[in-house]
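Just so it is clear, the values below take in all heavy atoms, side chains as well, and ignore hydrogens, waters and symmetry mates. Keep in mind it's a predicted model, so treat the numbers as computed, not measured. Counting starts at 1 for both ligands and their atoms, in listed order.
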Amino acid sequence: MPLVPMRQILDEARKKNYGVGAYNVNNMEQVQAIMAAAKETQSPVIIQASKGALKYSNFTYLKHIMFAAVEENPEIPIAVHLDHGNSLATVKEAIAIGFSSVMIDGSLMEDGKTPSDYAYNVAVTKSVVEYAHKYGVTVEAEIGRLGGIEDGVGSGSIHLTDPKEAEKFVKETGVDALAIAIGTSHGAYKFKGSKELAFDVLKEVRSLIDIPIVLHGASSVPQELIDAVNKYGGKMPGATGVPMESLKKAIQLGVTKINVDTDGRLAITAAIRKVFAETPEKFDPRDYLGPAREALKGVIAGKMKDFGTAGHSGDYKGVSLEEMKAIYK
Ligand code: G3H
Ligand code: 13P
Ligand code: ZN
């Protein structure tokens, strides 16, 4: 049961009005930390790998680590998701290695940087939906554009979602979940001034479409993590994120999937810096990767509680990808 289509996790969460974090992973310690948090809080979970993460791990290493999580946690519903897929070819690679869910980010061209137009986004998303649904695989797409550039993901300019365009896009593509832009951006420097999100846009989109809504760029960049990074030699002045209260409000207003990468990176970096600063004689990677894993587990478990995911790992009947294929027909 543990590998489930993401659509199922999000549909169950929508029925009960809680959010589900989608946590980015690149290595074994991150996957272990997220799964330990899911187990401790009894939460369904989405683990996601970007194209960059797959490339970093030669695909095969991360694939085996992600599926080790599935094998090790039979009681936790897990969706294994491709984050910011940039083309049908990338999506095909992810599905070939067993992912139960993919994102096609057609808000940008294949280079992951250049803004695209609506027609391109519809065409590439439709081609992915047509391909992925044959395998029972869930498809997330994006309309509007986030700010922030993170290693090739993001155009640097925010373009809030037009709710009417979102409605049209969902009808034209048949996508399962929709990422919208309401003022967040990727990375650790999200706001220069006000941290206000465009909740009016979210409300209108929610009233016009009937599929799960996704919020990217949803790390909170907690001040205590920034302080810890800076205290032990880091340099991250002016880092800001989305306050947890805003995320809770977004969930109430209809966001179901919440993407988090940066906060995990901060937790890991703070913990490793602390070990290096306090015990410079240490050189066994386990002496700093172990504490980093523990710190990440704490941060993710906190989010699972705050998003309302905790306690919901038993909500699932366990629709398999095979059964999902029939649903899509
Ligand atoms: O949305 C972007 C995620 O934070 C992944 O970032 O492309 O550096 O792996 P990455
Ligand atoms: P953050 O940079 O806010 O963690 O966002 C991550 C994200 O949206 C991954 O797709
Ligand atoms: Zn993202």
Side-chain angles (χ1 to χ4, degrees), residues 6 19-27 30-31 34 45-59 61-62 65-66 79-87 90 94 99 101-108 110-113 139-156 158-159 161 177-191 195 197 212-222 225-226 229 236 239-244 246-247 250 255-269 296 299-300 302-303 306-307:
M6 185 174 77
V20 183
Y23 305 103
N24 285 75
V25 295
N26 303 279
N27 65 20
Q30 286 173 306
V31 175
I34 293 160
V45 69
I46 300 162
I47 46 176
Q48 58 186 12
S50 68
K51 193 168 172 271
L54 290 168
K55 195 168 156 212
Y56 175 75
S57 67
N58 290 346
F59 274 71
Y61 288 92
L62 193 51
I65 293 166
M66 290 171 95
V80 175
H81 177 72
L82 170 70
D83 190 27
H84 292 284
N86 64 327
S87 65
T90 308
F99 281 39
S101 179
V102 293
M103 177 190 186
I104 175 70
D105 183 356
S107 72
L108 301 169
E110 249 187 76
D111 66 3
K113 290 187 179 78
V139 181
E140 172 188 334
E142 178 165 324
I143 190 96
R145 251 187 325 270
L146 269 72
I149 295 181
E150 189 126 328
D151 290 346
V153 178
S155 68
I158 295 182
H159 174 69
T161 300
L178 188 68
I180 61 169
I182 56 168
T184 62
S185 36
H186 291 112
Y189 302 89
K190 299 190 190 298
F191 306 99
K195 295 183 177 179
L197 299 184
I213 294 175
V214 183
L215 189 62
H216 282 244
S219 277
S220 294
V221 190
L225 288 182
I226 295 298
V229 168
M236 298 191 70
T240 55
V242 187
M244 186 50 77
S246 300
L247 295 175
V255 164
T256 306
K257 175 174 182 268
I258 302 135
N259 277 24
V260 175
D261 188 353
T262 296
D263 284 355
R265 294 176 178 189
L266 291 172
I268 289 169
T269 301
L296 178 58
V299 166
I300 303 293
K303 289 188 189 293
D306 283 334
F307 295 160

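Ring orientation note: the planes of H84 and H216 are nearly perpendicular, at an angle over 60° on the 30°/60° scale.
Distances between N or O atoms of R265 and those of ligand 1 include at least one value under 3.5 Å. Backbone and side-chain nitrogen or oxygen atoms of D263 are examined, and none is located within less than 3.5 angstrom of a nitrogen or oxygen of ligand 2. Not a single N or O atom of N24, backbone or side chain, sits closer than 3.5 Å to an N or O atom of ligand 1.
Residue-ligand proximity, S50 to ligand 1, at heavy-atom distances under 4.0 Å covers atoms 5 (C), 7 (O), 9 (O), 10 (P). Counting the atoms of ligand 1 from 1 in the order shown, those under 4.0 Å from a heavy atom of H84 are 1 (O), 2 (C). In the vicinity of D83, heavy-atom distances shorter than 4.0 Å reach the ligand 2 atoms 9 (C), 10 (O). Less than 4.0 angstrom separates some heavy atom of G187 from each of these atoms of ligand 2: 2 (O). The atoms of ligand 2 that sit less than 4.0 Å from any heavy atom of G217 are 1 (P), 3 (O), 5 (O), 7 (C), 8 (O). For ligand 1, the atoms sitting less than 4.0 Å from at least one non-hydrogen atom of H186 are 1 (O), 2 (C), numbered in the order shown with element in parentheses. Listed by number with element, the atoms of ligand 1 under 4.0 angstrom from any heavy atom of D261 are 3 (C), 4 (O), 5 (C), 6 (O). Near H84, with a cut-off below 4.0 Å to any heavy atom, the atoms of ligand 2 are 10 (O). Atoms of ligand 2 lying under 4.0 Å from any heavy atom of H216, numbered from 1 in the order shown and given with element: 8 (O), 10 (O). Those atoms of ligand 2 with a heavy atom of H186 less than 4.0 angstrom away are 2 (O), 5 (O), 6 (C), 7 (C), 8 (O), 10 (O).
The distance from the CD1 atom of I65 to the OG atom of S57 is 7.0 Å, given to the nearest 0.5 Å. The line from CG of N26 to OH of Y56 is 7.0 Å long, rounded to the nearest 0.5 Å. Note that CG of L197 is 5.0 Å distant from CD1 of I182, once rounded to the nearest 0.5 Å.
The closest approach between a heavy atom of K55 and any atom of ligand 1 is not below 4.0 Å. At least one heavy atom of K190 lies less than 4.0 angstrom from ligand 2. The shortest separation from a heavy atom of G52 to ligand 1 is not under 4.0 Å, leaving the residue out of contact.
For the side chain to side chain contact (heavy atoms under 4.5 Å, CB included) criterion with L215, the lone passing option out of N259, L146, L247 is L247.
S219 places no side-chain N or O within 3.5 Å of a backbone atom of V221 that could act as its donor or acceptor partner. Within the 3.5 Å criterion, the main-chain N or O of A181 finds a donor-acceptor partner in the side chain of T161. Panel note: side chain K195, backbone V242; no donor-acceptor pair is recorded below 3.5 Å. Between the S101 side chain and the M6 main chain, no donor and acceptor come within less than 3.5 Å of each other.
Angle ND1(H216) to the Zn ion (ligand 3) to NE2(H84), rounded to 10°: 90°.
For D263, the salt bridge (Lys or Arg N to Asp or Glu O under 4.0 Å) test picks out K303, with sequence neighbours left out.
With a 4.0 Å heavy-atom cut-off, ligand 1 is reached by the side chain of D83 but not by its N, CA, C or O. For S50, no heavy-atom contact with ligand 2 is shorter than 4.0 Å. With a 4.0 Å cut-off on non-hydrogen atoms, V260 touches ligand 2 through its backbone and not its side chain. The part of N24 lying near ligand 2 is the side chain, judged by heavy-atom distances below 4.0 Å.
Within the 4.5 Å cutoff, no side-chain heavy atoms of V20 are placed close to those of K257.
Annotation: F59, atom CZ; neighbour count of heavy atoms from other residues, nucleotides and ligands within 6.0 Å is above 12.
Side-chain contact, Q48 with N24: a donor N or O sits under 3.5 Å from an acceptor N or O.
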